[in-house]
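Numbered from 1 within each chain, the chains take letters A, B, ... in sequence-line order.
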2 protein chains.
Amino acid sequence: MPDTQTKEIFAFEQPCPIRDVLDRIGDQWSLLVLEALQGGVLRFNELNRKIDDISKQMLSRTLKRLEEDGFIRRTLFAQVPPRVEYELTNLGRSFLVPMHLLVQWADENHIRICTARLDYAGSGTGS
Amino acid sequence: MPDTQTKEIFAFEQPCPIRDVLDRIGDQWSLLVLEALQGGVLRFNELNRKIDDISKQMLSRTLKRLEEDGFIRRTLFAQVPPRVEYELTNLGRSFLVPMHLLVQWADENHIRICTARLDYAGSGTGS
DNA sequence: CCGGATCCCCAAGGATACTG
DNA sequence: CAGTATCCTTGGGGATCCGG
């Protein structure tokens, strides 16, 4: 792709940090990884086991993206059996503060959402 | 799954409210719509103009999903020229509280994320 | 004015095999 | 052990046309 045209991603991209954040943690796995790393340093396969329904592929991608955005730090020990450790950065840790509030809200209001869905389905379609 | 280890991770199962929430607001437009409705009641085309880079299609879908989950309320006035009004529910308004904290965090730390990206790109690829 | 129905495209996500 | 490369599937999102 030699020449990427300036495709208008969003008109609100420049001053829209939340978009960046949502794009990162809105995916399937990022939040799980961040939560898993709350306990401390973990190696790749430890993470893989801890989240065990994630594939190596997705774990790798997710870690790379999180590292790229500065949420986690990757440390490679150049040894014969490779050893790589992942841990939260200060940025990652600080992020979990507001995130947990959102999680808490979700937890407290999930029942309402479910109720609303049933209600909607019930009133919308007779069948 | 009655008993797992010190799994503070939200299991990826039935009781995973955050997944529901992220799936809803992690999309392209939901947040924009919710923010737009903060000011009060708006009609369909008013919303369309306010977010003007959204298509009618996506606005319609987004509104329906938000209504389905109980974040907004839709009021139809059966008139010859159809009139439909949208407004936040209490649930939707309460959601914006933790959400704004996340937005605020994003706002305050966006520069760090951007820096991390440049840093990562700079150290990762020499070319 | 307010959408639904339809078609299309692309990128995110998964599975598997391979590598240093 | 810690990934990468490759292929494939899925569905979100856009454009457009149609209907009430």
Side-chain angles (χ1 to χ4, degrees), chain A residues 1 4-5 7-13 19-33 36-37 41-69 72-87 120 124-125, chain B residues 12 19-20 22-33 36-37 41-69 72-87 120 124-125:
Chain A
M1 197 162 285
T4 30
Q5 52 184 1
K7 186 181 177 182
E8 44 178 355
I9 307 175
F10 309 121
F12 47 88
E13 60 172 328
R19 198 74 260 154
D20 265 353
V21 174
L22 283 180
D23 284 348
R24 195 65 40 190
I25 58 101
D27 69 19
Q28 207 80 312
W29 302 110
S30 293
L31 252 189
L32 278 297
V33 171
L37 285 175
V41 180
L42 285 178
R43 300 179 59 176
F44 186 85
N45 276 351
E46 287 174 333
L47 274 167
N48 206 161
R49 274 188 294 274
K50 198 154 186 172
I51 315 188
D52 75 323
D53 47 350
I54 192 176
S55 66
K56 282 184 163 192
Q57 231 262 7
M58 285 315 297
L59 179 56
S60 181
R61 281 188 200 175
T62 304
L63 286 168
K64 184 171 276 186
R65 282 190 294 225
L66 288 173
E67 187 200 357
E68 184 177 347
D69 281 9
I72 64 176
R73 176 170 25 252
R74 177 182 183 271
T75 309
L76 166 66
F77 299 85
Q79 301 174 352
V80 183
R83 176 189 184 88
V84 182
E85 290 184 348
Y86 294 92
E87 59 185 325
Y120 184 86
T125 66
Chain B
F12 222 1
R19 198 74 261 154
D20 266 352
L22 283 181
D23 284 348
R24 196 65 41 190
I25 59 102
D27 69 18
Q28 208 79 311
W29 302 111
S30 294
L31 251 190
L32 277 298
V33 171
L37 285 175
V41 180
L42 285 178
R43 299 180 59 177
F44 186 85
N45 276 351
E46 287 175 332
L47 274 167
N48 206 161
R49 274 188 295 274
K50 197 154 185 173
I51 315 188
D52 76 322
D53 48 349
I54 193 176
S55 66
K56 283 185 164 190
Q57 230 263 10
M58 285 315 297
L59 179 56
S60 181
R61 280 190 203 175
T62 304
L63 287 168
K64 182 172 276 187
R65 282 190 294 224
L66 288 174
E67 186 201 358
E68 184 176 348
D69 281 9
I72 64 176
R73 176 170 26 251
R74 177 182 185 269
T75 309
L76 165 65
F77 298 85
Q79 300 174 352
V80 184
R83 175 189 183 89
V84 182
E85 290 184 347
Y86 294 93
E87 60 184 325
Y120 184 85
T125 65

Under 4.0 Å, heavy atoms only, any strand: does A:N48 hit a base, just the sugar-phosphate, or nothing?
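No contact at all - A:N48 keeps every heavy atom at 4.0 Å or more from the nucleic acid.
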
Mind checking if B:F77 touches a base, just sugar-phosphate, or nothing, with heavy atoms under 4.0 Å?
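Counting heavy atoms under 4.0 Å across all strands, no contact is made by B:F77.
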
Among C:dG13, D:dA2, C:dG3, the one nearest A:R65 by side-chain distance:
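Per side-chain heavy atoms of A:R65, the pick is C:dG13.
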
Distance below 4.0 Å between [X] side-chain N/O and [N] OP1 or OP2:
| X | N | result |
| --- | --- | --- |
| A:W29 | C:dA12 | no |
| A:S55 | C:dG14 | no |
| A:Y86 | D:dC1 | no |

As an exercise, state the distance from CZ of B:F44 to CD of B:E85, rounded to the nearest 0.5 Å.
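Answer rounded to 0.5 Å: 14.0 Å.
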
Would you give the length of the straight line joining atom NZ of B:K64 to atom OH of A:Y120, rounded to the nearest 0.5 angstrom?
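If we round to the nearest 0.5 Å, B:K64:NZ and A:Y120:OH are 4.5 Å apart.
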
Which whole-number value in Å describes the distance from [X] [atom1] to [N] [atom2]?
| X | N | atom1 | atom2 | result |
| --- | --- | --- | --- | --- |
| B:R43 | C:dC1 | CZ | P | 8 Å |
| B:E85 | C:dC2 | CD | P | 10 Å |
| A:K56 | C:dA17 | NZ | P | 13 Å |
| A:L63 | D:dA2 | CG | C1' | 11 Å |
| B:L22 | D:dG12 | CG | C1' | 16 Å |
| A:D27 | C:dG13 | CG | C1' | 10 Å |
| B:Q57 | D:dG14 | CD | C1' | 8 Å |
| A:L59 | C:dG13 | CG | P | 13 Å |

Looking at [Y] and [X], is there a salt bridge between them, counting it only when a charged N and a carboxylate O are closer than 4.0 Å?
| X | Y | result |
| --- | --- | --- |
| A:R24 | A:D20 | no |
| A:E87 | A:R73 | yes |
| A:R65 | A:E67 | no |

Distance-only donor-acceptor test (3.5 Å): side chain B:R61, base D:dG13:
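Indeed, a donor on one side and an acceptor on the other fall under 3.5 Å apart.
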
If you assign each of A:M58 and A:P82 to its closest nucleotide in DNA chain C, which residue comes earlier from the 5' end?
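Its nearest nucleotide being more 5', the pick is A:M58.
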
Scan A:L66, A:L42, A:L63, A:T75 and name whichever one has a side chain to side chain contact (heavy atoms under 4.5 Å, CB included) with A:Y86.
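For A:Y86, the side chain to side chain contact (heavy atoms under 4.5 Å, CB included) test succeeds with only one of A:L66, A:L42, A:L63, A:T75, which is A:L63.
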
Rounding to 10°, can you tell me the angle the first-five-pair axis of the helix from C:dC1-D:dG20 to C:dG20-D:dC1 makes with its last-five-pair axis?
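Computed angle between terminal axes is 40°.
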
Identify the heavy atoms of A:K50 and A:A36 that sit nearest to each other, and give their distance.
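Taking every non-hydrogen atom into account, NZ-O, 3.8 Å.
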
